[in-house]
Amino acid sequence: MTIQNIDISLLPNLADPGDLVAGLGRWWFDRAGGGIALSAVAASFFGTGRHADPDACLARVEPEDRAVVRAALGRVATGGTGAECEFRVRTGGRGLRWLRLQQVDTADGAVAAGILVDVTAAKQAAARERFNFALTQYLVGTDSIDDAVTGILQLVCEELGWEWGAYWSLDERAGARPALRCRYAWQAPNQALAPFREASARLAMAPGEGMIGTVWASGDAHWIEDASGTAALLRAEAARACGLQSAYFFPVTFLASDACLMRPGVLEFFSVQQRQPDAQLPGLAKSIAAMIAQAVERMRQQERIRVRAHTDEMTGLANRAHFYDQLDRQCRDARPGQTFGVLFVDLDQFKPINDAFGHDAGNVVLTEFAQRLRALAPPGWRIGRLGGDEFALLSVPGTTPLELERVAEAVLDAARRRFVYGEHRLAVSASIGISTYPDHGRSTRELLHAADAAMYASKRNGRNLVSRFCGDGAPADAGHRIGLLTDLHCAIRRGEFFLEYQPIRTSTDMEIDAVEALIRWRRPNGEIVPPNVFIPLAEQSRLIVDIGRWVVRQACRDVARLSAAGLAGVRVHVNMAAPEFIDAELPDRLAAMAAAAGADPRRICLELTEGVVMKHADKSIAIMRELRRRGFGIGLDDFGMGYSSLSLLKNLPIGSLKIDRLFMAGVPYDRNDCAIVRSILDLGRHMKLTVVAEGVETDAQLGYLRQFGCPLVQGWLPGRPVPLERLFDLIAQPEAA
C-alpha cells in the first residue's frame with residue numbers, strides 16, 4: 001500500500017471535531033514513495049494539501065528547527081520507531097505555534113503513522129513560569145527603580161525575542177508642560193536602531209497624545225502589527241528605516257499603599273518580525289506591571305527607612321553617623337594628589353536664645369540655618385548636623401583653598417542674618433574651622449579633629465571668624481605659599497612644567513577623538529605640585545598669562561608631532577586663562593604660535609569657562625569669532641557651573657560644550673544630576689554642538705551616556721592623563737588603554 005492509494009475520506013477519525021479542539025493532527029508516511037498523508041488538522045498546521053511531500057511540510061517550519069524535523073522523518077523513512085521531536089511553525093492566522101511530532105506503532109511496515117500535537121499553550125506556560133521566576137529574582141536583588149526598569153527591558157527582550165524595549169515616564173518639571181519622555185531604552189546589540197533611538201530621545205508627548213500618551217491616559221494596552229504605517233506612533237518613519245514591524249505597548253499602573261492609583265509610565269517593545277497579538281508578551285504584561293509595582297513600593301519603603309536612618313529629623317540634613325560615613329568614603333576613595341576640605345561650624349550665642357525663649361526658638365534657628373546652608377553650598381557638597389548647634393560641610397574633591405574660604409565667608413554671612421521667631425529677631429554668629437585632606441589628615445577622625453581645633457581658634461579670637469588649621473607642617477601657612485610662589489616664577493625658565501594628555505573618546509566604540517592638554521609642575525626636588533595648588537597662586541598675578549602661553553606653545557608643538565606621526569585627526573583641547581580672552585592681540589599671537597610650530601589651527605580647540613564669557617562678553621565674543629575665522633575651535637568648559645543665559649549662549653561662536661564633572665558624579669543614580677545631564681545633551685543636540693561629558697569613572701555612567709546619545713566622554717574610565725609618548729601607544733594600540 002502507498003500513500004497515494006490511501007482514500008483519505010476512509011481514514012478513521014480523520015475529521016473528528018475533538019481533534020480540532022485538542023489541536024491534534026494525524027499523519028501517515030509512505031516509506032517506499034516518501035509521500036505524506038495528513039489529517040485536516042495536520043494539513044492546517046503545515047498549510048499544505050492532504051497529500052504532501054516532506055519539503056512542502058517544512059516550508060512553514062522555523063529555519064532553525066528544520067534540521068530536527070528532517071532527522072525525525074529520516075528515522076521514520078528508514079524503518080525506525082519511536083521518532084519524536086518538537087518544533088515551531090508559523091501559521092497563517094494563529095502566529096507562531098509549537099508542535100510535537102510523535103510516531104505511533106502500526107502493523108503495516110510500509111506505511112508509518114503518528115500524531116502532531118499543538119503544545120503551544122504548555123510551552124508558553126513554562127516560559128511564563130521561567131520568566132516570572134527570573135524577573136522576581138532580578139527585582140529582589142535590585143536596589144533602585146532605575147536599575148529595575150533597565151534590567152526588565154533587557155530581560156523581556158532577551159527572553160521573549162524582542163529587539164527594542166523602552167520605558168516612558170511622565171516629566172513634571174516645574175513650569176513645564178507635563179510630557180511623557182523616553183527615560184530608558186534597551187536594544188539588541190546586533191540591531192542597527194540608531195535612527196529609532198534618536199527619534200525616541202527627541203520625542204515628548206502630552207498625556208493622551210500619540211500612542212504612548214494614549215496608553216498612559218487610558219490605562220489600556222495596545223498592539224500594532226505595522227509600526228511603519230501607524231501614524232499615532234509618531235516615529236513611524238524611524239521605525240520603517242530600522243525595519244521594526246510589530247509592537248506592543250502597555251501601562252504600568254498600581255494601587256499604592258494609600259489606595260491612590262499610580263501611573264509611573266508606559267513600557268513598549270518592538271520586533272523586526274511580524275508577530276501576532278497572541279505572542280507571550282501580552283500574557284506577561286500584567287505580571288511585569290505588578291512586579292514593577294511591588295518593586296516601586298519596596299524601594300519606596302527602603303528609601304523611607306534609609307532616609308530616617310541617615311537624616312537629622314529636625315533639619316533634614318545628614319545626621320552625625322551619615323556625615324561620618326560620607327567623609328569616610330571620600331577619604332577612602334581619594335586619589336593621589338586629590339584634595340578636599342571640611343568646614344566645622346558652631347553657632348555663637350545659641351545657648352542664650354534657648355535659655356531666654358525656649359527650645360522652640362532654638363529649633364527655628366537651627367532649621368532656618370540648615371536651609372541657608374543648603375542654599376549656599378556648591379553642587380556636590382555634603383552638609384550634616386553633628387549635634388546641638390554644630391554643623392559640618394564636606395567639599396567635593398578638587399576644591400581649592402580659595403573656594404573653601406569663599407564658602408566659609410558665605411556661611412558666616414548666613415549666620416549673621418537675623419532669624420525671625422514670632423515678634424523677635426534673633427541674632428547669632430558662627431565660628432568656623434577649616435581642615436583639608438591630606439594636609440591635615442587622611443581619616444575622618446583626623447580631619448574633624450583638625451577642623452574642630454581651627455573652629456575653637458576662631459572662638460578664642462573673638463568669634464564670627466574663619467580659621468584654617470595650622471598644625472606642624474601644614475602647607476596652608478603664608479610662608480609655604482610664598483615659597484611656592486617664588487619657585488613658580490622660575491618654573492618656566494627652568495623647564496619644570498610639562499604636559500600630560502587625557503583622552504577624549506567616542507562613547508560608542510571608545511576611539512580616541514581628541515585629547516586635553518593638562519599642565520604639570522615638577523619642582524627641582526622631584527615633588528609634583530598639583531595644578532589645584534599652583535594655578536590659584538598663578539591667578540593672583542600675571543604668571544597665569546605666562547603659564548597659559550607656555551601651554552599653548554607646547555601644545556602646538558605636540559599637535560605638529562601628532563600630525564607627523566600620521567595622527568592628524570586627533571584634536572588637542574587647551575584651557576585658556578581669563579585674561580587672555582580680553583586681549584585683542586590673542587588671535588594674532590595664537591596664529592603665529594601655530595605657524596611657528598607647523599600646527600594646523602583646526603586641530604586645536606581652545607576651552608574657556610562660562611565665567612570668562614559672562615564677565616567680558618563684549619570683548620571675548622569678538623575675539624572668539626576672530627579665532628574661529630582663523631580655524632581654531634572654541635569650546636565652553638564646565639558648562640552649567642556659570643551663569644550664562646541661553647540668549648547669550650545661542651550667539652557664542654562655539655563648537656562644543658563640556659558637562660561639568662560635578663553633574664556626572666550622581667549619574668545614573670541621582671535624579672537631579674541625570675535630569676541636568678539629559679538637558680545639556682538635548683541642548684547640545686538642538687544647537688548642533690558637540691557635547692563632552694567629563695568625570696566619567698564608572699561603567700554605569702558610560703552606559704547612561706550611551707543610552708542618551710552623548711557623543712564624547714572624558715575621565716578616568718576612558719583614560720587617565722598620560723605623557724605624549726604614551727599617547728602615541730594608546731592611539732596606535734587601543735587595547736593598551
Side-chain angles (χ1 to χ4, degrees), residues 488 491-505 512-522 531 534-535 538-539 542-609 612 620 622-637 653-656 658 690 692 712 714 719 721-732:
L488 196 56
I492 295 178
R493 179 170 48 82
R494 292 174 179 167
E496 294 170 5
F497 290 127
F498 63 97
L499 293 182
E500 288 188 331
Y501 290 93
Q502 186 169 34
I504 299 172
R505 296 181 183 268
I512 294 181
D513 178 82
V515 293
E516 181 176 359
L518 301 171
I519 189 170
R520 300 291 186 259
W521 178 20
R522 183 184 291 108
F534 71 83
I535 293 296
E539 287 174 339
R542 285 287 297 175
L543 271 178
I544 191 64
V545 174
D546 296 335
I547 291 174
R549 292 177 183 176
W550 181 89
V551 170
V552 173
R553 189 175 292 109
Q554 185 60 46
C556 288
R557 296 189 186 115
D558 291 345
V559 166
R561 291 182 63 187
L562 286 168
S563 298
L567 303 172
V570 177
R571 290 173 293 107
V572 174
H573 290 232
V574 180
N575 291 290
M576 299 296 293
E580 288 280 76
F581 261 89
I582 59 174
D583 184 352
E585 297 179 0
L586 178 64
D588 289 338
R589 186 163 51 250
L590 291 183
M593 288 181 181
D600 184 350
R602 292 173 298 178
R603 309 320 313 163
I604 300 170
C605 178
L606 307 172
E607 294 187 359
L608 67 160
T609 63
V612 172
S620 59
I623 293 171
M624 291 162 67
R625 288 199 175 109
E626 178 60 20
L627 286 167
R628 283 295 298 268
R629 190 187 69 79
R630 297 186 184 216
F632 292 94
I634 306 290
L636 204 56
D637 196 11
I654 59 174
S656 62
K658 270 195 176 179
T690 302
V692 183
L712 299 176
Q714 181 181 0
V722 295
L724 185 65
E725 291 71 21
R726 173 66 176 142
L727 183 65
F728 286 131
D729 296 336
L730 290 182
I731 298 174

Can you tell me how far apart CD (Gln554) and CE (Met593) are? Round to the nearest 0.5 Å. 11.5 Å
Take atom CZ in Arg602; do more than 12 heavy atoms of anything else shown fall under 6.0 Å from it? no
Answer whether the closest heavy-atom distance between the side chains of Asp583 and Arg589 falls below 4.5 Å. yes
Determine, stepwise, if the pair Leu590 / Leu606 fulfils side chain to side chain contact (heavy atoms under 4.5 Å, CB included). CA-CA 10 Å; Leu590 291 183; Leu606 307 172; 3.4 Å; yes
Leu627 and Ile634: CA distance, side-chain angles, deciding distance, side chain to side chain contact (heavy atoms under 4.5 Å, CB included) verdict: CA-CA 8 Å; Leu627 286 167; Ile634 306 290; 4.1 Å; yes
Val552 side chain reached by Met576 side chain, heavy atoms, under 4.5 Å: yes
Which pair of non-hydrogen atoms, one from Ala491 and one from Trp521, has the smallest distance, and what is that distance? CB-NE1, 3.6 Å
If you look at every heavy atom in Ala555 and Val574, which pair is closest and at what distance? CB-CG2, 3.8 Å
How long is the span from the CG atom in Leu518 to the CG atom in Leu499, to the nearest 0.5 Å? 8.0 Å
To the nearest 0.5 Å, tell me how far Arg561 CZ sits from Cys556 SG. 14.0 Å
Relative to the ring of Trp550, is the ring of Phe497 parallel (under 30°), tilted (30 to 60°) or perpendicular (over 60°)? tilted
Who pairs with Arg520 by salt bridge (Lys or Arg N to Asp or Glu O under 4.0 Å), at least two apart in sequence or on another chain? Glu500
Value for CG (Asp546) from CZ (Arg493), rounded to nearest 0.5 Å, stands at 12.5 Å
In terms of heavy-atom contacts, Met624 and Pro653 come closest through CB-CG, 3.6 Å
Would Asn575 and Glu516 satisfy side chain to side chain contact (heavy atoms under 4.5 Å, CB included), going step by step from the backbone distance to the final call? CA-CA 8 Å; Asn575 291 290; Glu516 181 176 359; 2.7 Å; yes
Just how far is it from atom CG of Leu488 to atom CD1 of Ile544, taken to the nearest 0.5 Å? 8.5 Å
Residues passing the side chain to side chain donor-acceptor pair (under 3.5 Å) test with Arg571, sequence neighbours excluded, are Asp513, His573
Hey, what do you get for SG (Cys605) to CD1 (Ile504), rounding to the nearest 0.5 Å? 8.0 Å
Listed partners of Arg522 passing side-chain contact (heavy atoms from CB on, under 4.5 Å), at least two apart: Phe498, Ile528
So which atom in Ala597 and which in Ala560 form the shortest heavy-atom distance, rounded to 0.1 Å? O-CB, 3.1 Å
Restricting to side-chain contact (heavy atoms from CB on, under 4.5 Å), what partner residues turn up for Pro601, sequence neighbours left out? Ala594, Phe632
Identify, with sequence neighbours excluded, every residue that meets salt bridge (Lys or Arg N to Asp or Glu O under 4.0 Å) alongside Arg629. Glu626
Just list the side-chain donor-acceptor pairs under 3.5 Å for residues 562-570, sequence neighbours left out, or say none.
from: Ser563; atom 1: OG; to: Val559; atom 2: O; distance (Å): 3.2

Atom CD of residue position Glu585 - does it have more than 12 heavy atoms of other residues, nucleotides or ligands inside 6.0 Å? no
Looking only at heavy atoms, the pair that brings Ile547 and Ala538 closest together is CD1-CB, 3.8 Å
Assess whether salt bridge (charged side-chain N to carboxylate O under 4.0 Å, His left out) is satisfied between Asp588 and Arg630, documenting all intermediate values. CA-CA 9 Å; Asp588 289 338; Arg630 297 186 184 216; 2.6 Å; yes
